[in-house]
Amino acid sequence: MLALTRSIPDSYASALSAVPADPPIDVEAARAQHAAYTAALAELGATVITVPADEAHPDCVFIEDTAVVAGEVAVITRPGAESRQGEVDAVAHALAPLVTTHRMPPPATLDGGDCLRLGNTIYVGRSARTNELGVSFLRHILSGHGITVVSVPLPEHILHLKCVCARLDDERVLVAEGALPDDTFGGATLLRIPAEESYAANVLAIGKSVLCADGFPATRDVLEQAGFRTIPLVTTEARKADGALTCMSILV
Ligand code: CIR
């Protein structure tokens, strides 16, 4: 397994966030937390490929939003935030030797944080960042590869689909209580965590191990009772920019 990550620029202090960070982002602490994240990926067997930081793009560490990879094919997205659209070139360049890439054309927009894959289905949040044309383009490319794309309407206050849920395996989804209708993921089993821990719903499961945000004990209990080994990571500086665990890598 390959994991693409992207380094944190000095400009990360001015990354997008719904609520201004208070206290402000500590870029050095963010880098230390990011280093622990990449080390955890490597320990789980990933070969980590690091795309260099880009000072012109404060949010570039959130590389997940820039591409959706499915087997041998990748859709290079057109992120919904205009300030992030220039992030994709370096990611497309890094992915080109690994998979066949397809560029999403304007005016379609889509953020990878809206995409959750279970088996051969990708659920895509229709958020402020991902429009119907983005969903259609993804469907157009991936239907040729045996993948079904399902559009999931999201309430306005949810930035991305995976802000409130994450794949655990092909049959199970971790989801914050009350965030999504029970039938959102077809017949998948939902493992619910308390609404007050909803930030922790974004976990990164690799086999039976799960990278989870540190400081959310109820979520850890749910995961461990379901048979997963939890690896808590400090994510305070990613959270200040509305980021979490899946956002910082693309698994190939
Ligand atoms: C943004 O607003 O685009 C970034 N500050 C956070 C993106 C988080 N990405 C993700 O959840 N996939």
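Order of listing sets the numbers, starting from 1, for every ligand and every atom in it. Values below: every heavy atom of this structure, side chains too, minus hydrogens, waters and symmetry copies.
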May I have all residue pairs that pass ring-ring contact (aromatic ring centres under 6.0 Å, His included) and include part of residues 159-186, sequence neighbours excluded?
Tyr123-Phe185

Atom pairs, nitrogen or oxygen, ligand 1 to protein, under 3.5 angstrom:
| unit_1 | atom_1 | unit_2 | atom_2 | d |
| --- | --- | --- | --- | --- |
| ligand 1 | 2 (O) | Arg129 | NH2 | 2.9 |
| ligand 1 | 3 (O) | Arg84 | NH1 | 2.8 |
| ligand 1 | 3 (O) | Arg129 | NH1 | 2.7 |
| ligand 1 | 5 (N) | Leu16 | O | 2.9 |
| ligand 1 | 5 (N) | Asp59 | OD1 | 2.7 |
| ligand 1 | 5 (N) | Ala241 | O | 2.7 |
| ligand 1 | 9 (N) | Asp65 | OD2 | 2.8 |
| ligand 1 | 11 (O) | His160 | ND1 | 3.1 |
| ligand 1 | 12 (N) | Glu64 | OE1 | 2.8 |
| ligand 1 | 12 (N) | Asp65 | OD1 | 2.9 |
| ligand 1 | 12 (N) | Asp65 | OD2 | 3.4 |

Starting at [atom1] of [X], measure out to [atom2] of [Y] and round the result to the nearest 0.5 Å.
X: Ser11; Y: His57; atom1: OG; atom2: NE2; answer: 9.0 Å
X: Arg220; Y: Ile193; atom1: CZ; atom2: CD1; answer: 14.0 Å
X: Leu223; Y: Leu174; atom1: CG; atom2: CG; answer: 5.0 Å

Between the side chains of Thr235 and Tyr37, is a donor N or O closer than 3.5 angstrom to an acceptor N or O?
no

Verify the distance criterion only: is there a donor paired with an acceptor across the side chains of Glu87 and Thr66 at less than 3.5 Å?
no

